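Because only heavy atoms are used, hydrogens play no part in the values below, and waters and symmetry mates are left out as well, while side chains stay in. In what follows, chains carry the letters A, B, and so on, assigned in the order in which the sequence lines appear, proteins first and then strands, with residues in each chain numbered from 1. Predicted model, so just to flag it, every value in this text is computed and none were measured.
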2 protein chains.
Amino acid sequence: MLRKVDKHSGIPAYIQIVNMIKAELLLGNLQKGAQLPTVRDLQNIFDVNINTVLKALEKLKAEGYIEAEQGVGYFIKRDVEIDQKIIETIRECVSKLKDDRIDFYTAMLIFEEVWKNG
Amino acid sequence: MLRKVDKHSGIPAYIQIVNMIKAELLLGNLQKGAQLPTVRDLQNIFDVNINTVLKALEKLKAEGYIEAEQGVGYFIKRDVEIDQKIIETIRECVSKLKDDRIDFYTAMLIFEEVWKNG
DNA sequence: AATACTGTTATATAATTATATAACACTATT
DNA sequence: AATAGTGTTATATAATTATATAACAGTATT
């Protein structure tokens with residue numbers, strides 16, 4: 001689900017936008033051929049300047065995820081394959097962590113550290 | 001474990017440094033009273049400019065995690081409590097995901113999206 | 001006292017990120 | 001043909017992030 005960018009996270013807005021759209025692709029919420037909201041709508045959805053939206057779309061285009069049709073819109077270029085088992089693994093983990101009342105940021109810190117120095 | 005900053009991740013270096021040190025605190029690898037490497041050593045460890053190190057340390061100090069002794073060094077101010085069960089949950093999840101050959105970035109994207117729109 | 005190690009402050013410079021704003025170009029509808 | 005909706009390009013401005021470099025100030029050791 002596309003949502004407002006977090007302007008206090010320290011992570012550049014255009015990176016957050018790229019990440020959100022990639023996540024939609026991975027979860028199958030955006031599939032090949034689907035049309036993205038218009039650039040000006042995305043501007044409102046993410047609550048950023050139009051140039052910031054374009055920077056994100058340009059990156060996604062360069063990576064082959066989307067393509068633009070001048071005067072028409074942006075479209076998803078290809079599906080991103082992902083094993084449903086992986087999503088289920090993550091869902092279960094997130095569920096457990098939320099039960100333990102841990103916040104997202106802390107979870108991410110531990111997740112990254114464990115991943116890189118297991 | 002403190003390691004080089006990823007200069008291509010898009011995430012500001014000083015934020016990465018703050019996150020790495022916080023992760024060490026959460027995992028108990030850095031405990032109350034422990035001394036951090038010197039500012040100039042940290043500069044080499046993270047492979048950034050001294051001002052970038054100071055910016056990160058300043059943030060950690062402002063948040064109460066560390067304190068400075070002029071002419072002596074930086075020290076951990078307090079332990080960060082965290083249920084070991086949480087760490088175990090994350091370890092297991094990471095282990096499963098690595099078995100499935102998924103890369104860190106993709107895992108994080110799904111993790112964040114599932115967390116925020118379960 | 002001198003030295004070598006700490007943290008601290010300062011200045012200048014550059015690249016990156018983000019905003020505001022305007023105009024242009026293509027497509028589809030009226 | 002005119003219009004309204006798309007994407008596209010451009011300019012100016014500001015804040016943030018990061019670097020290089022130098023000097024200063026406190027602490028502990030010799």
- Task: Check every atom of C:dA18, D:dA18, D:dG7 against the side chain of A:Gln70 and return the nucleotide holding the closest atom.
- Result: D:dG7
- Which of C:dT19, C:dT6, C:dT8 is nearest the side chain of B:Thr38? It is C:dT6
- Message: Quick check on A:Lys85: does its NZ atom have over 12 non-hydrogen neighbours (other residues, nucleotides or ligands) under 6.0 Å away?
- Response: no
- Query: Between atom CD1 in B:Ile15 and atom P in C:dT17, what is the gap in whole Å?
  - Reply: 14 Å
- Message: Under a 4.0 Å threshold between the charged nitrogen and the carboxylate oxygen, would A:Glu63 count as salt-bridged to A:Lys59?
- Response: yes
- Item | Between C1' of D:dA18 and CD1 of B:Ile17, the distance in whole Å | 11 Å
- Using a cut-off of 6.0 Å, state whether more than 12 heavy atoms not belonging to A:Lys4 lie near its atom NZ. no
- Rounded to whole Å, the CD-P distance (B:Glu58 to C:dT8) equals 8 Å
- Kindly indicate whether the side chain of B:Phe46, heavy atoms from C-beta on, has any atom under 4.5 Å from the side chain of B:Thr52. no
- At under 4.0 Å, does any side-chain N or O of A:Tyr14 touch on OP1 or OP2 of C:dT19? no
- Item | A:Arg3 and B:Glu113 ion-paired at < 4.0 Å | yes
- Length of the CG-C1' vector between A:Asn44 and D:dG5, whole Å: 15 Å
- Using a cut-off of less than 4.0 Å, is there contact between a side-chain N or O of A:Thr52 and OP1 or OP2 of C:dT17? no
- Answer yes or no: is there a donor N or O on one side and an acceptor on the other, between the side chain of B:Gln16 and the main chain of B:Ile11, under 3.5 Å? yes
- Item | Whole-Å gap separating C1' (C:dT17) and CG (A:Leu54) | 14 Å
- Task: With DNA chain D as reference, determine whether A:Leu36 or B:Gly71 sits nearer its 5' end, using the nearest nucleotide of each.
- Result: A:Leu36
Heteroatom pairs (N/O) under 3.5 angstrom, protein to nucleotides 20-24 of chain C:
{"unit_1": "C:dA20", "atom_1": "N7", "unit_2": "A:Asn49", "atom_2": "ND2", "d": "3.2"}
{"unit_1": "C:dA20", "atom_1": "N6", "unit_2": "A:Asn51", "atom_2": "ND2", "d": "2.8"}

- Taking only side-chain nitrogens and oxygens of B:Lys55, does any of them come within less than 4.0 Å of OP1 or OP2 of D:dA18? no
- Task: Round to the nearest Å and state the distance from A:Asp41 atom CG to D:dG7 atom C1'.
- Result: 13 Å
- Task: Quick one: label A:Leu57 by what it contacts on the DNA or RNA (base, sugar-phosphate, nothing), any heavy atom closer than 4.0 Å.
- Result: nothing
- Query: Apart from A:Phe75 itself, what residues make up its hydrophobic cluster, given side-chain heavy atom links below 4.5 Å?
  - Reply: A:Val72
- Message: Distance check needed: C:dA15 P versus B:Lys7 NZ, whole Å only.
- Response: 15 Å
